[in-house]
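Worksheet for the structure shown next.
All heavy atoms count here, side chains included; hydrogens, waters and symmetry mates do not. Not measured: the values here are computed from a predicted model.
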Amino acid sequence: VYTDIRKAMVSLDRIALVVNQQSSIVDAPDAVSKKEFRQEISFEHVEFYYKASKPVLHDFNLHVPKGSKVAFVGSSGGGKTTIANLMNRMYDVKGGSIKIDGIDIRQIKLDDLRSLFGVVTQDSVLFTRSIRENIAYGSQTEVTDEQVQNAAKIAHADEFIQELPAKYDEVLGNKGSDLSGGQRQRLCIARAVVADPPILIFDEATSALDTESEQKVQEAIDLATRNRTVILIAHRLSTVLKADKIVVLEKGAIVGMGKHEELLESCPRYKHLVKLQGTSGN
């Protein structure tokens with residue numbers, strides 16, 4: 001028993017260290033409230049690094065107009081996911097600025113900023129609670145059963161939820177282990193859209209799925225992204241062919257930008273990626 005107690009004390013120390021950790025990302029003293037997205041997201045001479053000796057983004061410039069679908073492609077370590085994390089201030093830029101409608105995101109209240117975004121990542125993080133609660137978790141304010149169901153329909157999740165014994169009250173197993181990968185990811189898409197955010201970020205949302213599941217999730221993404229501003233991050237080029245603008249990243253710098261057909265003519269790096277994956281776009 002004494003040995004178990006000593007082990008528990010070490011664990012408690014570690015838990016306390018994590019729970020009491022203070023975030024370095026806080027509201028500025030003069031932060032403003034912003035509830036709407038009206039014009040564009042702009043990256044202006046953005047610099048970022050995790051280690052000073054290894055820059056991740058260097059003099060990064062980009063404009064994302066409202067209502068557009070912009071995709072980031074490139075090899076691992078090119079800075080794609082970092083861009084997504086900087087947009088909703090998981091980290092702050094080291095130089096330059098990111099602005100929404102001309103306002104530096106560091107001057108926007110953190111809760112307001114993050115409410116503008118819905119995020120779907122590669123990892124489907126679900127809790128051992130009901131499906132209803134898992135979807136509603138995506139909103140900072142209370143949502144109705146109708147909003148939850150509408151979000152599930154947009155994400156093409158309602159079809160399999162209705163087949164469950166308790167439907168939306170079905171309690172999920174550990175990490176959603178009783179659902180398939182595609183079903184888990186569609187619940188995460190429902191969570192991302194339940195609060196009706198104007199900007200959606202999909203970070204490798206289909207990379208861990210088999211072909212059939214990917215197709216269903218891609219259909220859900222296509223429906224969820226209607227009339228929204230979308231940031232797509234992907235290794236599989238087949239998922240970004242319909243983007244208004246494809247940005248090719250290499251070692252934190254833009255080496256190509258345009259539509260699929262344009263990049264095939266103008267960007268050797270993109271053409272190489274297409275050849276590797278056998279993606280024609282037809």
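In this view, S33 and K35, K109, D112 satisfy the side-chain contact (heavy atoms from CB on, under 4.5 Å) rule, not counting sequence neighbours. Residues passing the side-chain contact (heavy atoms from CB on, under 4.5 Å) test with E265: none are found, sequence neighbours excluded.
Side-chain contact, D145 with Q149: no donor N or O sits under 3.5 Å from an acceptor N or O. Using a 3.5 Å distance cut-off with no hydrogens or angles, the side chains of D244 and S68 do not pair a donor with an acceptor.
A distance-only check finds a donor-acceptor pair linking the side chain of Q183 to the backbone of S180 [under 3.5 Å]. In terms of modelled atom types and a separation under 3.5 Å, the side chain of T229 and the main chain of G67 share a donor-acceptor contact. Of the possible polar contacts, one joining the K34 side chain to the E36 backbone as a donor-acceptor pair under 3.5 Å is found. Under the 3.5 Å distance criterion, the side-chain polar atoms of D59 are left unmatched by any main-chain donor or acceptor of H45. Formation of a donor-acceptor pair under 3.5 Å by the R191 side chain with backbone atoms of R186 is not found in this model. A donor-acceptor pair is defined here as one N or O able to donate and one able to accept, closer than 3.5 Å; such a pair exists between the side chain of E170 and the backbone of A166. A donor-acceptor pair is defined here as one N or O able to donate and one able to accept, closer than 3.5 Å; no such pair exists between the side chain of D92 and the backbone of I25. Between the R228 side chain and the P197 main chain, a donor and an acceptor come within less than 3.5 Å of each other.
A heavy-atom distance below 4.5 Å is found between the side chains of Q140 and D111. Looking at E133 and F127, their side chains never come closer than 4.5 Å, going by heavy atoms from C-beta outward. Counting only heavy atoms from C-beta outward, the side chains of H58 and E47 approach each other to under 4.5 Å. Side-chain contact between V248 and L263 is present, with at least one heavy-atom pair separated by less than 4.5 Å.
Annotation: Y137, atom OH; neighbour count of heavy atoms from other residues, nucleotides and ligands within 6.0 Å does not exceed 12.
Hydrophobic cluster membership of V10, counting Ile, Leu, Val, Met, Phe, Trp and Tyr whose side-chain heavy atoms lie under 4.5 Å apart directly or via other members: none, as it forms a cluster of its own. Cluster partners of F160, using a side-chain heavy-atom cutoff of under 4.5 Å among ILVMFWY residues and allowing indirect links, are L126, I131, I135, V143, V148, I161, L164, Y168, L172, L179, L187, V194.
Taking hydrophobic clusters as Ile, Leu, Val, Met, Phe, Trp and Tyr residues chained together by side-chain heavy-atom distances below 4.5 Å, I246 shares a cluster with V255. Put simply, F37 and V120 are part of two different groups of oily side chains (I, L, V, M, F, W, Y) that touch within less than 4.5 Å, one to the next. In the hydrophobic cluster analysis, where Ile, Leu, Val, Met, Phe, Trp and Tyr join through side-chain heavy atoms closer than 4.5 angstrom, I103 is grouped together with I199. A single hydrophobic cluster is seen to contain both F60 and V64, as judged by linkage of ILVMFWY side chains at heavy-atom distances under 4.5 Å, directly or through other members. A continuous path of Ile, Leu, Val, Met, Phe, Trp and Tyr side chains, each step under 4.5 Å between heavy atoms, connects F43 with M257, placing both in one hydrophobic cluster.
Interatomic distance, L116 CG to I108 CD1, rounded to the nearest 0.5 Å: 7.0 Å. In this structure, the separation between CD1 on I105 and CG on N88 is 8.0 Å, given to the nearest 0.5 Å. One distance of note links OG1 of T144 with CD of E146; it measures 5.5 Å at 0.5 Å rounding. If you take CG on D101 and CZ on R38, they are separated by 7.5 Å, rounding to the nearest 0.5 Å. Atom CD1 of I83 is separated from atom CD1 of I41 by 11.5 Å, given to the nearest 0.5 angstrom. In this structure, CE in M9 is found 8.5 Å from CD1 in I5, a value given to the nearest 0.5 Å.
Here the shortest heavy-atom pairing between G138 and A195 reads O-CB, 4.1 Å. Considering every non-hydrogen atom in both G79 and L249, the closest pair reads C-CD1, 4.1 Å.
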Going through the checks in order, is the side-chain contact (heavy atoms from CB on, under 4.5 Å) test met by R114 and V119? CA-CA 10 Å; R114 290 179 177 167; V119 183; over 6 Å; no

side-chain contact (heavy atoms from CB on, under 4.5 Å) for L62 and K245? Distances and angles first, verdict last. CA-CA 11 Å; L62 182 69; K245 184 188 297 181; 4.3 Å; yes

Go through R89 and L113 one step at a time and tell me if the side-chain contact (heavy atoms from CB on, under 4.5 Å) criterion holds. CA-CA 8 Å; R89 289 194 71 197; L113 174 69; 3.5 Å; yes

Start with the C-alpha gap between K259 and E261, add the side-chain angles, then the distance that decides, and say whether salt bridge (Lys or Arg N to Asp or Glu O under 4.0 Å) holds. CA-CA 6 Å; K259 289 185 176 292; E261 295 79 8; over 6 Å; no

Please test D203 against T81 for side-chain hydrogen bond (donor to acceptor under 3.5 Å, both in side chains), starting from the C-alpha separation and ending with a verdict. CA-CA 7 Å; D203 187 359; T81 296; 3.1 Å; yes

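Evaluated for a side chain to side chain contact (heavy atoms under 4.5 Å, CB included) with F202, the options T121, I233, I231, I189 yield exactly one hit, I189.
Using a cut-off of 4.0 Å between Lys/Arg side-chain N and Asp/Glu carboxylate O, E44 and K99 are scored as salt-bridged.
For the pair K94 and Y49, the cation sits on the ring face: its NZ or CZ lies under 6.0 Å from the ring centre, inside 45° of the axis.
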Exercise answer: donor-acceptor pairs, residues 267-274 side-chain atoms, under 3.5 Å, sequence neighbours excluded:
residue, atom, partner, partner atom, Å
R269, NE, E250, OE1, 3.0
Y270, OH, H260, ND1, 2.6

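Taking the ring centroids of Y91 and Y50, they lie under the 6.0 Å cut-off.
Applying the side-chain hydrogen bond (donor to acceptor under 3.5 Å, both in side chains) test to residues at least two apart or on different chains, none of the pairs has a partner in residues 9-30.
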